[in-house]
Amino acid sequence: MMALLAAVPTLTPPTGSDIVGLLPEVILGGAFVILLLLDLITPASRRTWLAAFSVVAIVAAFGTTVWGWFDAYNNPHVHGVFFGAFAYDRFGLFINGVLLTSALLVVVISPQYLNRRGLHYGEYYSLILAATTGMMLLAGAASLMVIFLSVELLSISLYILSGFSRTDERSQEAALKYLLLGGFASAFLLYGMALVYGETGHTQLEQIAIAIHSGIATVDPLLLIGVVLMLVGFAFKVSAAPFHMWTPDVYQGAPTSVTAFMSVATKVAAFAALIRVFSFAFPDLYPQWQTAVVFVCILSMVWGNLAALSQTSLKRMLAYSGIAQAGYILIGVASSPHDAGGTIGALFYLAAYSLTNLGAFAVITIMSGRGEDLDRYASIRGLAHRRPYVAAAMALFMLSLAGFPPTAGFFGKFLVFSAAIKSGLMPLALWGIATSAVSIFYYLRVVLLMYAKPDADAKSYEWSKTTVSGGAVVAFTTAGTLVFGVFVTLLYTVATAAQQGALPRL
Amino acid sequence: MTALIIVVGILAVVGAVGVVLSTQPLYSALSLVFSIGMLAILYLILNAQLLFAVQLIVYAGAVMVLFVFIIALLNPKAEDRPILDVRAVVAFVAVITITAALFATAHNGITYSGSNFRGAVVGASHNDQDPAYTKHAFDFKPADVNSGQAGNVQTVGGQLFTVFLLPFEITSLLLLVAAIGAVYLTRRVPKTEVDT
Amino acid sequence: MTNIPWLSIVIFLPLTASLALQLVPGRARGLIKGLTIAATLATAVLVACLVANMSGSPAQGTPLPLHYDENQSWIPDPVNAHYHLGLDGLAAWMLALNAGVFLLGALVVSRRDVDRMKLFCGLLLLTETATAGVILAADMLLFYFFWEAMLIPLYFLLSNFGSEKRGRATLKFIIFTVAGSLLMLLAIIYLKVNSPANSFDLEVLLRTPGPAGDAVNFYGIHLFTPQQFAFLAFAIAFAIKLPLVPFHTWLPDLYESCPPAALVFFAGVVSKLGAFGFIRYAITLFPGPVHDFQWLLLTLSVITIIYGALMALSESDIKRIVAYASISHLGVIGLGIFALNANGINGAIIQIVNHGIIIASLFLVLGIIEQRTGTRDRHELAGLEKQMPYLYFFFLVITLAALGMPGLNSFAGEFTIMLGAFQTFWLLPVLAGIGVVLACWYMLRLHQGLMHEPLQPRTDGVRDISFVEGWVLVPLIALMIGIGVYPKPVGDIANLSTHQYVTLSSGPDAPAFTPIANSGGPG
Amino acid sequence: MILSADPFLLAPDAFPPLLGLSALLFSIGVAGVLVRRNPLVVFMSIELMLNAVNLAFISFGRFLNSEEGQIFAFMVIVVAAAEVVVGLALITQIFRIGRRLDVDDLNEMKL
């Protein structure tokens with residue numbers, strides 16, 4: 001009998017501690033199923049209740065995440081639950097916190113937007129919860145199988161959400177495009193996983209890390225092809241160039257509240273998995289994968305920023321800016337094995353980016369008129385004169401994305417550039433600087449437009465009134481962007497703890 | 001045994017090429033069914049009996065029937081565009097490169113050449129006397145089934161509910177999401193939905 | 001010293017006032033203006049007390065003698081940044097200038113010019129917070145934080161309230177500045193990573209500098225050492241702000257389109273921060289590279305002086321004339337800094353303040369003229385002497401001060417700078433002298449053209465300055481005459497730290513300079 | 001390749017042809033995605049790629065003598081089924097709101 005098979009326990013059910021490690025995901029997954037049932041008995045006019053239920057579920061999951069943060073701290077030797085398939089660590093819980101915050105904000109701004117576009121169905125909230133569950137599972141996934149399945153869980157939910165407007169051709173097109181290209185990328189990810197599995201004999205990240213570290217899996221061309229194919233798959237999910245083709249179309253076609261969620265949460269979750277796999281499971285292959293990551297990183301920064309320059313739609317501009325931001329986060333990833341600051345910077349950047357970008361999309365969402373997204377540049381001209389506070393918030397988000405202090409975006413950039421310099425990747429930092437300078441053009445263009453005098457003869461756009469919920473979301477994201485930009489330590493210490501607690505550890 | 005693998009493999013490739021080159025979607029679908037069937041035979045050779053059954057029942061049986069059904073429903077026309085253009089050249093080069101690269105590394109690489117076989121290195125046995133390693137193709141005698149070796153339904157099933165319970169549970173959510181999506185997307189659209 | 005964090009109060013008082021302004025309804029313009037003036041006045045009084053108290057308070061810490069010091073951890077260890085504020089002689093003068101100029105800016109915000117007064121005043125106060133932070137920061141990261149944050153309120157001020165060409169000008173300014181300062185960010189990170197102390201703190205970095213490193217080998221060509229690269233990054237960032245000549249193109253456009261009230265503090269203090277940065281950071285942190293590139297920086301300064309003067313001669317728009325004059329004068333300040341000796345730096349510090357006062361009052365006067373006549377063309381303006389006798393007097397004093405007349409404030413600074421430049425290389429003051437001669441030409445031509453020629457249609461029937469406007473100008477004129485006649489207090493305060501800057505910038509292996517005069521100017 | 005004495009013995013030298021076959025099927029699938037315009041056929045090409053992945057997983061699993069490969073392949077089939085359900089629903093809906101089925105036409109949104 002082989003050693004491997006001998007290790008297999010006979011039909012042992014998961015224990016209580018396994019479930020504890022998965023508590024936020026279990027709560028959210030359970031809420032997803034319950035919400036489906038609630039949808040059946042909720043009258044159509046009362047669907048806001050479903051949003052309220054989702055909020056309760058997300059808050060509960062957030063509560064358990066916070067509890068888990070301290071529990072995981074008390075159990076420093078927890079090395080994953082469910083036979084090592086899932087990592088119960090502060091890294092995953094940090095990402096959970098970011099994801100749940102994003103989901104909460106999206107759910108809060110959704111009802112009024114969906115009502116205005118006539119899309120208010122219960123399935124929306126179910127799918128948001130399912131996607132969030134998938135993202136949280138991805139954040140904690142410690143085996144290739146769980147990574148793949150949670151990627152698919154979140155992707156399939158998002159395919160449907162992108163096509164949520166069933167009569168809108170652009171929405172349907174976006175969904176189909178996303179689905180076809182997403183399936184294509186999944187196949188690459190899978191083939192990479194197959195090769196890694198074949199080379200190391202395991203699908204659990206910890207075992208893979210051990211196999212590579214101990215030299216059992218020699219640095220073989222087949223293994224490297226596998227690693228590169230996995231990078232392709234992840235690069236697609238984080239929308240890094242040159243695997244970003246879907247991003248602008250899907251962001252523009254999908255309903256804006258979905259775009260807000262997708263642009264932030266998918267990127268955060270996929271980056272969590274990317275960092276866990278590359279920085280913590282493959283650190284011994286760093287010399288090999290570094291080149292590939294640096295290539296993707298530079299290409300994303302250059303392509304994203306240059307393409308964003310010529311856009312005339314806010315949603316498309318933010319899509320290209322998201323590609324560029326993925327490039328900046330990749331700077332942190334590319335320097336992570338040399339310097340812990342790389343991972344910390346990437347985590348900080350992710351949190352800062354999600355607050356800021358969500359705020360920007362929230363502004364577009366709450367401004368949108370009946371049945372129409374006001375995302376053309378022409379339609380925000382003079383916004384500041386009619387909606388001074390919303391415009392000021394949008395300006396702040398643009399400045400944060402461009403990396404001006406005193407916003408959180410500045411420290412994100414600062415931390416990843418520091419990591420790059422510390423680990424000797426000076427050219428990467430220089431590329432980052434050059435492209436950041438370019439990015440100021442298109443971010444400030446939006447601000448300039450909002451503060452320009454509205455044309456007298458131009459079509460007057462029907463900006464919606466700011467509701468309490470929309471205002472609250474914008475206020476929250478604004479406050480977060482500023483607070484984390486000044487009191488950096490608040491977020492920085494948490495990100496440091498997340499980096500230090502990350503599994504797998506050799 | 002290798003000869004059989006090659007023959008079945010060639011047939012699978014023929015089916016795959018048929019998928020890409022057929023002008024009628026229906027022919028593509030039927031070629032894919034053929035290719036899937038050939039792969040099922042390979043699974044059987046590789047002692048993956050459960051996967052053999054799943055491949056035939058789920059893939060060929062359910063998924064491809066769904067495809068054929070949709071094709072019949074939508075009745076799409078054949079593509080009127082010449083197959084050969086720039087993209088085709090790119091695709092052709094991609095096919096040749098990926099295949100050659102992978103085959104070359106598999107055949108001449110460090111880890112899969114005969115004497116240095118990966119299975120031996122990562123812990124699985126490479127002993128000619130080991131019954132698991134020298135197991136015959138198509139071998140699914142009851143004795144083997146009970147001995148807990150790779151490739152039988154009981155082992156796979158047992159693992160699925162213990163070590164791989166979490167992935168298994170995730171698939172249940174996944175299927176639920178897919179079901180909701182299919183129902184939502186194809187449900188009749190009420191008049192209240194604003195058309196933009 | 002008491003435990004009250006005076007420096008933080010100086011920084012955050014305007015910020016608090018700006019937040020409080022948001023509670024005031026937009027229609028209560030009088031209240032908004034009153035609150036703004038009260039906040040800037042309170043800051044100014046506080047700064048005046050601090051500066052007056054400086055020579056009495058103990059200097060602490062090396063290598064910079066900080067008379068007031070606040071130090072707290074800001075971002076924990078791996079980053080290791082501190083909330084470190086410090087006030088030395090240089091910062092004291094900059095801070096005094098800052099407080100004064102912003103008070104002036106608040107005073108001249110007029111109800112007619114500004115349609116959204118609450119926004120304007122709020123942004124003005126935010127700018128004051130940021131500039132005070134730049135001046136007081138003694139931690140590199142904190143300095144950069146304020147340095148970049150300063151651009152945000154400025155951007156909104158310029159893009160909301162400027163004249164019609166403001167969009168391009170503002171964007172040009174922001175892009176120039178940000179491109180420069182992003183490079184500086186990399187250099188700051190490099191300094192920290194390279195230093196054995198692994199800190200962003202300016203004093204720690206000065207005490208334990210990192211190794212210079214080997215020259216970067218670029219395909220067989222030996223380029224600069226990493227430290228030289230870092231110095232160049234700093235130098236470009238500050239040269240853009242100063243501005244030295246190849247980096248100056250944003251300035252005339254921006255001054256032209258800038259709203260008058262904002263121009264007072266923009267020209268008065270924001271553009272002085274480049275000079276401040278050079279003295280405080282670039283020459284102290286890089287004593288080696290600054291000598292390697294001294295010839296380049298001196299050459300650029302001289303070119304700036306002459307080019308600015310020539311351009312001022314060729315323009316006909318009065319605002320652009322003064323903008324180019326300002327560039328020329330800033331070149332003089334640069335010359336003083338890069339002379340790298342006691343007289344040069346001391347003169348530069350004095351001249352920063354003097355030029356701030358002069359340029360702020362010049363733009364005030366031009367703003368009044370433009371507002372009354374509706375034109376900025378030199379040829380359409382003439383004969384104002386008869387229409388505006390009081391303004392004539394004020395303008396005359398300012399003009400004479402601007403061209404460096406002995407007995408007025410500019411002379412003290414320029415003379416000391418020339419002295420320092422002469423100690424470095426005899427030709428430099430000769431070339432800079434050409435700029436001074438040209439300054440006489442264009443300033444007097446401007447003055448005579450505006451005041452003495454026969455009346456033009458545009459200038460017929462304009463009113464003289466009002467009582468309030470006059471009272472804004474009187475203290476400025478008094479300062480010009482006062483510093484000109486008795487410049488010792490300025491020199492004394494500046495001297496508290498000049499010596500340290502000279503020592504630091506000399507470095508271990510630089511040739512020693514023997515200062516001729518140590519006091520501020522001939523007075 | 002050597003035919004072993006026992007014709008039904010699966011020797012290690014059977015592995016390279018299997019991985020080569022999987023690579024070939026995968027790249028034919030890639031080619032199909034790149035070349036074809038009908039979303040249904042593109043979809044089928046993706047299925048082909050997934051099948052190639054499954055073959056790789058199962059043959060790795062067989063020669064590593066571990067079940068993980070088979071279980072992974074099993075999961076892939078489940079996911080493929082779920083994806084197909086959603087994808088076909090989308091295609092039906094697009095067809096219903098009156099579009100031609102052509103990937104190249106999915107470009108109402110231009111750069």
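Order of the sequence lines fixes the chain letters, A, B, ..., with proteins taken first and strands second; residue numbering starts at 1 for each chain.
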Contacting region of A:Y191 [heavy-atom separation from chain B under 4.5 Å]: side chain
Contact origin within A:L154 toward chain B - heavy atom pairs under 4.5 Å: neither
Test of ring centre spacing under 6.0 Å for B:Y184 and A:F164: yes
Atom group of A:L127 that falls short of 4.5 Å from chain B, counting heavy atoms: side chain
A:L149 versus chain B, the contacting section by heavy-atom distance below 4.5 Å: both
A:L161 portion near chain B, given a 4.5 angstrom heavy-atom threshold: neither
Between B:L176, B:T186, B:V183, the one whose heavy-atom pairs under 4.5 Å with chain A are most numerous: B:L176
A:Y121 six-ring centre to B:R187 NZ/CZ under 6.0 Å and within 45° of normal: yes
Residue that, paired with A:T200, satisfies side-chain contact (heavy atoms from CB on, under 4.5 Å) out of A:I212, A:L144, A:I210: A:I212
Nearest atoms (heavy-atom pairs only) where B:A29 meets B:V68: CB-CG2, 4.1 Å
A:Y178-A:S155 side chain donor-acceptor pair, cut-off 3.5 Å: no
Value rounded to 0.5 Å, distance of NE2 in A:H120 from CD in A:Q112: 10.5 Å
Which portion of A:T133 sits near chain B, non-hydrogen atoms under 4.5 angstrom: side chain
Face-on cation placement of A:R47 at A:Y125 ring, 6.0 Å and 45° thresholds: no
Portion of A:F32 that has a non-hydrogen atom of chain B nearer than 4.5 angstrom: side chain
Option in A:V33, A:L195, A:L36, A:L22 with maximal non-hydrogen atom pairs under 4.5 Å from chain B: A:L36
